[in-house]
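I have placed the structure first, in the form of structure tokens, so that the comments after it can refer back to it.
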Amino acid sequence: MRSVQIGGSSWQASNVALGIMRMGTLPVPKAVVALQAAHDAGINFIDSADIYGNDPQLGRGSSEIHFGQAFKQSGLHRDDFYIQSKGGLYANADNKITRYDSSKQQLISAVDGILERMGIDYLDSFLIHRPDPLMEPEEIAAAFDEFQAAGKVRHFGVSNFNPQQIAMLQEALDQKLLVDQVQFGLAHTGMIDFGLHTNMTDERANNHDGGLIEYTRRKKMTIQTWSPFQYGTFAGTFINSDRFPELNDELAKLAAKYGVSKNAIAVAWILRHPAHMQVLLGTMNPEHIKDSAAGSDITLTRQEWYDLYLAAGNDLP
């Protein structure tokens with residue numbers, strides 16, 4: 001398993017991480033197996049959020065409750081994993097998200113709840129989950145200062161922020177924002193499409209994110225890619241999908257060449273980008289964790305990278 005330097009800092013972690021969004025409905029014994037599979041595959045980074053999981057009895061946050069229980073039973077140790085979570089979304093009594101809330105009070109409540117549910121003393125990283133239009137950077141700065149002073153959070157970042165939102169928040173902080181977590185993969189390539197279509201007038205020339213990849217590379221932030229196998233937003237996976245026959249043919253060809261799964265090739269495609277991203281796996285299947293993590297050790301050629309991009313339905317102007 002290769003490592004990635006997080007946010008230009010001295011922090012090194014596996015370039016493939018395990019996201020536990022689906023752990024909330026997984027029986028704890030199976031969650032134990034998933035954590036052990038990740039560890040055995042060389043993954044040392046866990047990603048969560050305070051709203052992950054919506055168990056009928058436990059409510060939102062059940063993924064972190066199950067993680068905490070599974071972690072204790074797994075025989076693994078705190079220093080086996082870097083643990084990251086996100087906060088800043090508010091759910092009402094019916095467990096429905098009704099607002100984004102990056103107020104100091106909400107963030108403090110979020111971090112305290114995360115630590116309690118997971119049964120840990122600190123987070124290696126805490127991210128603001130979504131950009132809140134009512135965001136007050138000074139309030140976030142005050143919360144971050146408290147977390148750091150109390151030893152509750154070691155590093156900070158954001159999720160789904162565009163460059164101007166990152167810059168606005170960063171100006172108020174003493175801590176460097178190390179991470180921006182966004183969706184990216186072979187069937188979700190908007191962040192690179194518009195750059196390839198510079199000075200064109202077609203749909204792919206639309207700049208939807210403000211040049212996020214270029215911005216994060218300049219600022220030495222790490223992009224963490226969620227839903228790397230999905231098309232659309234949770235529409236489904238492109239792996240073995242009839243919607244993507246050419247892509248699956250190309251994935252199969254390269255999988256045979258490198259002796260890995262299609263998932264591993266899709267991971268390798270993301271990691272081939274010089275932005276040095278970190279891929280978040282969402283599966284709880286131990287075999288899929290192992291198969292996908294194998295992509296960490298594959299370096300595609302430039303032509304293979306472009307062949308996959310084109311097979312996914314993209315074009316070159």
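All residue numbers refer to positions in the sequence shown, counting from 1.
Between His208 and Asn162, the side chains place no donor N or O within less than 3.5 Å of an acceptor N or O (distance only, hydrogens not considered). For the residue pair Gln84/Asp47, the side-chain donor-acceptor check at 3.5 Å is satisfied. Remark: the Thr299 side chain and the Arg2 side chain contain an N/O donor-acceptor pair separated by less than 3.5 Å. Counted by atom type alone, Ser103 and Asp101 present one or more donor-acceptor pairs between their side chains at under 3.5 Å. With no hydrogens or angles considered, a side-chain donor-acceptor pair links Asp132 and Ser102 at under 3.5 Å. For Gln181 and Lys86, the side-chain atoms include at least one donor-acceptor pair closer than 3.5 Å. Side-chain N/O atoms of Asn314 and Tyr306 include no donor and acceptor closer than 3.5 Å.
Here the CG atom belonging to Leu76 is positioned 6.0 Å from the CD atom belonging to Gln36, to the nearest 0.5 angstrom. Atom CD of Glu139 and atom CD of Gln105 lie 9.0 Å apart (nearest 0.5 Å). Taking OG from Ser85 and CZ from Phe126, the interatomic distance works out to 7.0 Å, rounded to the nearest 0.5 Å. If you take CD1 on Ile20 and OH on Tyr52, they are separated by 9.0 Å, rounding to the nearest 0.5 Å. We find the CG-OH distance between Asp315 and Tyr309 to be 7.0 Å, quoted to the nearest 0.5 Å. Taken from CD in Gln175 to CZ in Phe144, the straight-line distance is 7.0 Å, to the nearest 0.5 Å.
In this structure, Val28 is not a member of the same hydrophobic cluster as Phe81, with clusters built from ILVMFWY side-chain heavy atoms closer than 4.5 Å. There is a path of hydrophobic side-chain contacts, each under 4.5 Å, that joins Met23 to Leu115. Tyr100 and Ile140 fall into different hydrophobic clusters, where Ile, Leu, Val, Met, Phe, Trp and Tyr residues are linked whenever their side-chain heavy atoms come under 4.5 Å apart, directly or through other members. Connection of Leu280 to Leu89 is established within a shared hydrophobic cluster, with ILVMFWY side chains joined at heavy-atom distances below 4.5 Å, either directly or through further cluster members. Using a 4.5 Å cut-off between side-chain heavy atoms of Ile, Leu, Val, Met, Phe, Trp and Tyr, with links allowed through other members, Ile65 and Val32 fall into different hydrophobic clusters.
Heavy-atom minimum distance, Leu177 versus Leu173: CD2-CD1, 3.6 Å. Residues Ser292 and Asn263 approach most closely at OG-CB, 3.3 Å, considering heavy atoms. Here the shortest heavy-atom pairing between Ala31 and Ala70 reads CB-CB, 3.6 Å. Heavy atoms only, all atoms of each residue included: Gln183 and Gly232 are closest at NE2-O, 2.8 Å. The shortest heavy-atom contact between Ile289 and Ala34 is CD1-O, 3.7 Å. The minimum heavy-atom distance linking Ala110 with Gly87 is given by the pair CB-CA, 4.2 Å.
Using a 4.5 Å heavy-atom threshold, the side chains of Leu247 and Tyr231 count as separate. Side-chain contact between Leu186 and Leu251: present, with at least one pair of heavy atoms (C-beta onward) separated by less than 4.5 Å. For the pair Met284 and Leu18, the minimum side-chain heavy-atom distance is below 4.5 Å. Counting heavy atoms from C-beta on, the side chains of Pro317 and Arg204 never come closer than 4.5 Å. For the pair Ile192 and His273, the minimum side-chain heavy-atom distance is below 4.5 Å. No side-chain heavy atom of Lys30 sits less than 4.5 Å from a side-chain heavy atom of His66. Using a 4.5 Å heavy-atom cutoff, the side chains of Arg78 and Asp124 are in contact. With contacts defined as side-chain heavy-atom distances shorter than 4.5 Å, the pair His129/Ile51 qualifies.
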(request) Applying side-chain contact (heavy atoms from CB on, under 4.5 Å), run through Leu26 and Arg22 and close with a yes or a no. (result) CA-CA 7 Å; Leu26 198 68; Arg22 295 178 175 87; over 6 Å; no
(request) Assess whether side-chain contact (heavy atoms from CB on, under 4.5 Å) is satisfied between Phe67 and Ile83, documenting all intermediate values. (result) CA-CA 11 Å; Phe67 170 84; Ile83 301 177; 3.9 Å; yes
(message) The test is side-chain contact (heavy atoms from CB on, under 4.5 Å); show your working for Met221 and Phe161 and say whether it passes.
(response) CA-CA 12 Å; Met221 295 180 68; Phe161 274 50; over 6 Å; no
(request) Show your working on side-chain contact (heavy atoms from CB on, under 4.5 Å) between Ile46 and Phe71 and close with a plain yes or no. (result) CA-CA 11 Å; Ile46 300 294; Phe71 193 42; over 6 Å; no
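Asn248 places a side-chain N or O within 3.5 Å of a backbone atom of Phe238 that can act as its donor or acceptor partner. Under a 3.5 Å cut-off, the side chain of Ser63 and the backbone N or O of Met21 do form a donor-acceptor pair. A donor-acceptor contact shorter than 3.5 Å is absent between the side chain of Asp50 and the backbone of Val111. In this structure, the side chain of Asp145 does not engage the main chain of Ala149 through any donor-acceptor pair within 3.5 Å. Counting only distance, with no hydrogens or angles, the side chain of Asp297 and the backbone of Ala294 share no donor-acceptor pair below 3.5 Å. Judged by distance alone, the side chain of Thr237 and the main-chain N or O of Phe229 form a donor-acceptor pair under 3.5 Å. The main-chain N or O of Asp79 is never found under 3.5 Å from a side-chain atom of His77 such that the two would form a donor-acceptor pair. Proximity of a side-chain donor or acceptor of Thr216 to a complementary backbone N or O of Ile213 within less than 3.5 Å is detected. In this structure, Asn44 contributes its side chain and Ala13 its backbone to no donor-acceptor pair below 3.5 Å. Judged by distance alone, with hydrogens and angles left aside, the side-chain atoms of Asp180 form a donor-acceptor pair with the main-chain N or O of Asn160 at under 3.5 Å.
Through direct or indirect side-chain contacts shorter than 4.5 Å among Ile, Leu, Val, Met, Phe, Trp and Tyr, Phe45 is connected to Val4, Ile6, Trp11, Tyr82, Leu127, Leu178, Val179. With side-chain heavy atoms closer than 4.5 Å counting as contact, directly or through intermediates, Tyr90 stands alone and belongs to no larger hydrophobic cluster.
The environment of CD in Gln164 is sparse: at most 12 heavy-atom neighbours from other residues, nucleotides or ligands sit within 6.0 Å. More than 12 heavy-atom neighbours from other residues, nucleotides or ligands sit within 6.0 angstrom of CD on Gln12. Heavy atoms from other residues, nucleotides or ligands lying under 6.0 Å from CG of Asp202 number more than 12. Shown here is Arg243, whose CZ atom has no more than 12 heavy atoms of other residues, nucleotides or ligands within 6.0 Å.
Under the 4.0 Å criterion applied to side-chain N and carboxylate O atoms, Lys262 and Asp291 are not assigned as salt-bridge partners.
Of the residues listed (Arg272, Lys253, Lys257), the one engaging Glu304 in a side chain to side chain donor-acceptor pair (under 3.5 Å) is Lys257, and it is the only one.
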